[in-house]
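Residue numbers count from 1 along this sequence.
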Amino acid sequence: TGVLLPFESRAFQGVLDISGVPNGIYRLTADLQVPGGEPIQGQQLIRIYPDGSQKKIEILDLLNAPDGKGKITIQL
């Protein structure tokens, strides 16, 4: 925590529970908002599928999005 110095980097992480998410293809969007700066969004296309009694995620190329749009900007 504290001030982020030039050339310093930070990593953020989280856990995503997909147990209640129906199988299919989804866009995951991370939105970073820095005071005084423009919001930054990162996207990843994923496919959720069953594997026995568990669910798994396959990472897909955004160019293969079913709607053909690739990366899109989401207004929050």
Side-chain angles (χ1 to χ4, degrees):
T1 63
V3 176
L4 183 64
L5 300 173
F7 304 109
E8 184 180 3
S9 65
R10 295 202 179 137
F12 299 91
Q13 63 186 17
V15 175
L16 180 63
D17 180 1
I18 62 168
S19 61
V21 178
N23 297 331
I25 296 177
Y26 298 90
R27 278 189 177 87
L28 289 180
T29 302
D31 187 68
L32 176 64
Q33 297 190 8
V34 180
E38 291 291 319
I40 301 169
Q41 287 188 2
Q43 277 187 0
Q44 184 63 60
L45 192 68
I46 64 167
R47 180 175 72 95
I48 298 176
Y49 64 96
D51 185 25
S53 63
Q54 298 181 342
K55 288 190 172 191
K56 289 193 174 181
I57 292 178
E58 176 185 8
I59 298 189
L60 304 174
D61 190 324
L62 274 168
L63 297 176
N64 296 328
D67 60 10
K69 293 183 180 179
K71 183 177 180 184
I72 60 173
T73 301
I74 297 173
Q75 298 299 322
L76 301 175

Side chain to side chain contact (heavy atoms under 4.5 Å, CB included) assessment of Asp67 paired with Arg27:
CA-CA 11 Å; Asp67 60 10; Arg27 278 189 177 87; 3.1 Å; yes
Do Arg47 and Asn23 make a side-chain contact, defined as non-hydrogen atoms from C-beta onward lying under 4.5 Å apart?
no
Derivation of the side chain to side chain contact (heavy atoms under 4.5 Å, CB included) call for Ile25 and Leu45
CA-CA 7 Å; Ile25 296 177; Leu45 192 68; 3.7 Å; yes
How long is the span from the NZ atom in Lys56 to the CG atom in Asp51, to the nearest 0.5 Å?
4.0 Å
Just wondering, are more than 12 heavy atoms of other shown residues or ligands nearer than 6.0 Å to CD in Glu8?
yes
Quick test of your reading of the model: are Lys55 and Asp17 salt-bridged, counting only N-O distances below 4.0 Å?
no
In terms of heavy-atom contacts, Ile57 and Ile48 come closest through CG1-CG1, 4.2 Å
Transitively linked via ILVMFWY side-chain contacts under 4.5 Å: Leu28 with Ile18?
yes
Has Gln44 got a side-chain atom pairing as donor or acceptor with Leu60's backbone, closer than 3.5 angstrom?
yes
Between Gln43 and Leu62, is a side chain to side chain contact (heavy atoms under 4.5 Å, CB included) present by the stated rule, with each step listed?
CA-CA 8 Å; Gln43 277 187 0; Leu62 274 168; 4.0 Å; yes
Look at atom CD of Glu58 and say whether more than 12 heavy atoms of other residues, nucleotides or ligands are closer to it than 6.0 Å.
yes
